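So the structure is just underneath, and the comments pick up after that.
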Number of protein chains: 2
Amino acid sequence: MLYYNTHYPAAIIMTLNDLPNQKHNHKQCVSNALAMAEQVCLERGVQLTPIRYQVLELIWESHKAVKAYELLDRIKPLQMAAKPPTIYRALEFLSEQGFIHRVESLNAFIGCRCSNAPHEQLLLICKNCQEVEERTAPKVMQALSEEFNDAEFIVHSKAIEIHGLCSQCAASVATDLSD
Amino acid sequence: MLYYNTHYPAAIIMTLNDLPNQKHNHKQCVSNALAMAEQVCLERGVQLTPIRYQVLELIWESHKAVKAYELLDRIKPLQMAAKPPTIYRALEFLSEQGFIHRVESLNAFIGCRCSNAPHEQLLLICKNCQEVEERTAPKVMQALSEEFNDAEFIVHSKAIEIHGLCSQCAASVATDLSD
DNA sequence: AATTGAATGTTATACTATAACACTCACTAT
DNA sequence: ATAGTGAGTGTTATAGTATAACATTCAATT
């Protein structure tokens, strides 16, 4: 099964990776993600149906991890018939295609910022603002493969989830404490 | 809060870390874990009550991750009144004390093999036999701290869960395929 | 026109986890 | 001694997460 494609222009890749920047143009960020998903689905011959598109759009409303039942509530105005399987099927599709990631430690989902290329993600989860930042963390991945280079364990998938405080929240928590 | 203690004899530490060895003396392995938990609770002045002890014992029955409701079923012969909160409270206690780990990606629990010292674990989860191996993976942890050495993110806790095949299962799957 | 397969609709239920309040009992401060 | 306190547990109820199973729709194929 071909899940990834590496033929996107560098400009799009850079845009998708700019989260840590000061001024985050979220509208642009979302429309890039949606456009890329459409494009990738075309190339893979899979269907980005209205429900799937809407779920992806809802997930991208913010960079916070979002729960399945939150998505269900939010999609109901658009899809009156929506029930849990509606959401879970869309999530399964989006996840298989690499457009979203499941955050295991939160039972929640986030949009993938680099779905145009194969990657193994590391998630930074802020306990304060709930935003999740995705990193490729090549050094960590390198260390991981060294850990298993003697065929003791055949890796299929990884979930690396770090909980803590993002820099903004760390700063504001410090401020709160000094009050 | 003091969760860990480093005053155990080296012999016990070595025993607790011997999982990858060929001949695994599981009885010994379990009794070490239980003895250590008792000892640690004494030192910390916390109570390893019968329920907590039994839950820990049940978790240690194997190195497979075990679900809360499985534990509930298994403890009922011993504790007729057991209900979900019975188990979840025990799990919370054991987890706070570092005697068990929650496997986020499975909603399940395993006994901690190194609860006698502070550590950050990496879990190797075999999809075939469901056994979970815990490693300290110092290189990976080192790479992780390098990843955050510029205070971009303040780490509180980590969940590193690798899914795949353990060496035994990889071998037997290969055999199955050649049939 | 019949067949197929993917997607969705629909009903029901399984699985995971916690809130809230009651009860017991050992400990201790008066 | 005794009233108060707090940790642990009992108990009821419910919240939250996820999937099984079968029905229906509809476009594409034969």
Side-chain angles (χ1 to χ4, degrees), chain A residues 1 37-38 41-42 44-59 64-97 99-110 130 159 161, chain B residues 1 37-38 40-42 44-56 58-59 64-97 99-110 130 159 161:
Chain A
M1 232 172 321
E38 284 187 308
C41 284
L42 258 180
R44 290 180 190 162
V46 296
Q47 299 179 52
L48 190 60
T49 62
I51 288 177
R52 290 167 176 177
Y53 185 93
Q54 286 161 6
V55 170
L56 185 57
E57 203 171 14
L58 287 172
I59 289 174
K64 300 186 201 306
V66 60
K67 304 248 174 187
Y69 278 71
E70 269 176 64
L71 291 169
L72 179 55
D73 288 340
R74 291 208 239 146
I75 209 175
K76 274 180 178 161
L78 305 169
Q79 299 287 340
M80 314 296 226
K83 304 228 162 27
T86 314
I87 296 298
Y88 281 103
R89 284 164 180 163
L91 290 172
E92 184 183 15
F93 171 85
L94 295 171
S95 190
E96 277 174 355
Q97 298 300 324
F99 302 149
I100 65 172
H101 295 302
R102 185 179 152 81
V103 186
E104 300 291 352
S105 51
L106 297 179
N107 297 332
F109 303 84
I110 56 161
Q130 282 85 49
E161 304 183 359
Chain B
M1 234 172 318
E38 283 187 309
V40 168
C41 284
L42 257 182
R44 291 180 189 161
V46 296
Q47 300 180 53
L48 191 59
T49 62
I51 290 178
R52 290 168 176 176
Y53 185 93
Q54 287 162 5
V55 169
L56 184 58
L58 288 171
I59 289 174
K64 299 186 202 308
V66 59
K67 305 248 178 189
Y69 279 70
E70 270 176 64
L71 292 169
L72 180 54
D73 288 342
R74 291 207 240 145
I75 208 175
K76 274 181 179 162
L78 304 171
Q79 298 287 340
M80 316 295 228
K83 305 229 162 28
T86 313
I87 296 298
Y88 282 103
R89 285 166 181 162
L91 290 172
E92 185 183 15
F93 171 84
L94 296 170
S95 190
E96 279 174 354
Q97 298 300 323
F99 302 148
I100 64 171
H101 294 302
R102 185 180 152 81
V103 186
E104 299 291 352
S105 51
L106 298 177
N107 296 333
F109 302 84
I110 55 161
Q130 284 84 50
E161 303 184 359

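Every chain is numbered from 1 and lettered A, B, ... according to where its sequence line falls, protein lines coming before strand lines. All values below come from the heavy atoms of this structure, side chains included, with hydrogens, waters and symmetry mates left out. The model shown is predicted, which means the values in this text are computed figures rather than measured ones.
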Original post:
Tell me, for nucleotides 13-30 of chain D in 5' to 3' order, what letter each nucleotide earns: B for a base near a protein heavy atom under 4.0 Å, S for only sugar-phosphate near one, - for neither?
Top reply: ----BBBBB---------

Could you tell me if the side chain of [Y] sits less than 4.5 Å from the side chain of [X], heavy atoms only?
| X | Y | answer |
| --- | --- | --- |
| A/Ile51 | A/Gln79 | yes |
| A/Ile110 | A/Val66 | no |
| B/Ile87 | B/Ile75 | yes |
| B/Leu48 | B/Leu94 | yes |
| A/Leu91 | A/Leu71 | yes |

**OP:** Please state whether the phosphate of C/dT8, meaning OP1 or OP2, lies under 4.0 angstrom from any side-chain nitrogen or oxygen of A/Thr49.
**Re:**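 Yes, within the criterion.
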
Original post:
Please walk me through it: do A/Phe93 and A/Gln47 pass side-chain contact (heavy atoms from CB on, under 4.5 Å)?
Top reply: CA-CA 9 Å; A/Phe93 171 85; A/Gln47 299 179 52; 5.9 Å; no

Original post:
Where the side chain of B/Gln47 is defined as all heavy atoms beyond and including C-beta, which of C/dT10, D/dT12, D/dA7 is the nearest nucleotide?
Top reply: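 Selected nucleotide (nearest to the side chain): D/dA7.
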
Rounded to the Å, how far apart are [X] [atom1] and [N] [atom2]?
| X | N | atom1 | atom2 | result |
| --- | --- | --- | --- | --- |
| A/Lys83 | C/dT11 | NZ | C1' | 9 Å |
| B/Ile51 | D/dA7 | CD1 | P | 17 Å |
| A/Ile75 | C/dT8 | CD1 | P | 10 Å |
| A/Leu94 | C/dA7 | CG | C1' | 14 Å |
| B/Gln54 | D/dT9 | CD | C1' | 13 Å |
| B/Arg52 | D/dA7 | CZ | C1' | 8 Å |
| B/Glu104 | C/dA17 | CD | C1' | 13 Å |
| B/Leu48 | D/dA7 | CG | C1' | 15 Å |

